[in-house]
Amino acid sequence: MDRTLVICKPDAVERGLVGEIISRLERRNLTLVAAELRTLDADSAGRHYAEHADKPFYGDLVDFITRGPAMVLVVEGPEDTWKVVRTMMGATNPREAAPGTIRGDLGILFTENLIHGSDSLESAAREIDIFFPGL
Ligand code: IDP
Ligand code: MG
């Protein structure tokens with residue numbers, strides 16, 4: 001089995017879209033193996049988004065991701081789960097995300113794009129260890 005980290009970001013919690021997002025993952029026949037509603041602190045947000053520390057949008061991103069509870073999930077499927085989830089998420093900029101994707105159907109803002117999903121097998125292992133060490 002193959003696991004990836006998913007975060008329903010604070011905008012998804014605020015807008016009441018966590019159920020919709022989880023429902024889509026479950027209907028795809030992915031399995032939840034961990035789930036926790038958690039307000040990220042600056043330390044875990046910084047570790048999670050370390051690759052973006054030099055980007056102009058980094059400050060806004062950390063402010064956003066820490067502003068309220070997020071639903072942090074570990075999702076499991078048979079193979080290439082991170083890739084399956086990324087395809088379901090759609091493009092990073094919701095205005096460019098295809099209809100049928102989570103961002104393309106539910107989002108319109110850039111930073112507040114509802115969902116995070118690991119972008120490789122290595123990222124998935126690293127990120128799962130930040131939020132659910134030892135899982
Ligand atoms: P991803 O979430 O699709 O993997 P990344 O490039 O890893 O996209 O960026 C992480 C997050 O940072 C995005 O989901 C989005 O919230 C935010 N972000 C990325 N690029 C921009 C930008 O150019 N402007 C504003 N926010 C951005
Ligand atoms: Mg990313």
Side-chain angles (χ1 to χ4, degrees):
M1 296 301 271
D2 192 279
R3 293 176 173 180
T4 193
L5 187 89
V6 172
I7 302 176
C8 303
K9 296 181 179 181
D11 56 334
V13 176
E14 291 160 11
R15 293 176 56 198
L17 292 172
V18 170
E20 163 82 25
I21 291 169
I22 291 178
S23 176
R24 287 179 181 227
L25 298 171
E26 289 182 325
R27 275 163 26 217
R28 190 68 190 270
N29 208 7
L30 297 168
T31 302
L32 301 185
V33 295
E36 187 185 326
L37 194 67
R38 178 193 303 205
T39 302
L40 274 60
D41 58 24
D43 179 63
S44 50
R47 286 177 67 198
H48 178 67
Y49 280 129
E51 64 172 311
H52 296 306
D54 298 332
K55 308 270 175 65
F57 59 83
Y58 181 73
D60 286 345
L61 176 59
V62 171
D63 286 348
F64 162 56
I65 204 75
T66 60
R67 82 175 177 207
M71 178 59 89
V72 188
L73 310 170
V74 178
V75 172
E76 187 174 86
E79 208 177 329
D80 292 335
T81 306
W82 70 270
K83 207 180 284 182
V84 171
V85 171
R86 295 283 300 187
T87 303
M88 293 176 74
M89 287 163 51
T92 303
N93 182 347
R95 293 194 300 280
E96 291 166 6
T101 66
I102 291 166
R103 288 165 171 168
D105 286 346
L106 307 175
I108 199 80
L109 299 174
F110 202 158
T111 301
E112 303 195 14
N113 58 4
L114 296 164
I115 182 167
H116 167 83
S118 309
D119 65 5
S120 68
L121 201 57
E122 296 71 31
S123 296
R126 187 185 77 83
E127 293 169 3
I128 289 169
D129 193 55
I130 294 172
F131 294 99
F132 299 100
L135 186 74

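Predicted model only: the values in this text are computed from it and were never measured. All ligand and atom numbering here is 1-based and tracks the order in the structure.
Residue Glu112 has no nitrogen or oxygen atom sitting less than 3.5 Å from a nitrogen or oxygen atom of ligand 1, judged on distance alone. For His116, no nitrogen or oxygen atom sits less than 3.5 Å from a nitrogen or oxygen atom of ligand 1, counting backbone and side chain alike.
Contact of the Thr4 side chain with the Asp2 side chain is not registered, since no non-hydrogen atoms from C-beta on lie closer than 4.5 Å. Contact of the Leu25 side chain with the Leu73 side chain is registered, since non-hydrogen atoms from C-beta on lie closer than 4.5 Å.
Remark: among candidates Arg103, Arg86, Met89, the nearest residue to atom 2 (O) of ligand 1 is Arg103, based on non-hydrogen atoms.
No donor-acceptor distance shorter than 3.5 angstrom exists from the side chain of Arg3 to the backbone of Ala124, with no hydrogens or angles considered. With hydrogens and angles disregarded, no donor-acceptor distance shorter than 3.5 Å links the side chain of Ser44 to the backbone of Leu40. Between the Thr111 side chain and the Leu61 main chain, no donor and acceptor come within less than 3.5 Å of each other.
A salt bridge links Arg67 with Glu112: at least one charged nitrogen is closer than 4.0 Å to a carboxylate oxygen.
Of all protein heavy atoms, the one closest to atom 7 (O) of ligand 1 is His52 NE2, 2.8 Å. Regarding atom 3 (O) of ligand 1, its nearest protein heavy-atom neighbour is Thr92 OG1, 2.5 Å. For atom 16 (O) of ligand 1, the closest non-hydrogen atom of the protein is Thr111 O, 2.8 Å. Closest to atom 23 (O) of ligand 1, if we only count protein heavy atoms, is Phe110 CE1, 3.4 Å.
A heavy-atom separation below 4.0 Å is found between Asn113 and ligand 1.
Interface of Lys9 with ligand 1, defined as ligand atoms under 4.0 Å from a residue heavy atom, comprises 13 (C), 14 (O), 16 (O).
Once rounded to the nearest 0.5 Å, the distance linking CZ of Phe132 with CD1 of Ile130 reads 12.0 Å.
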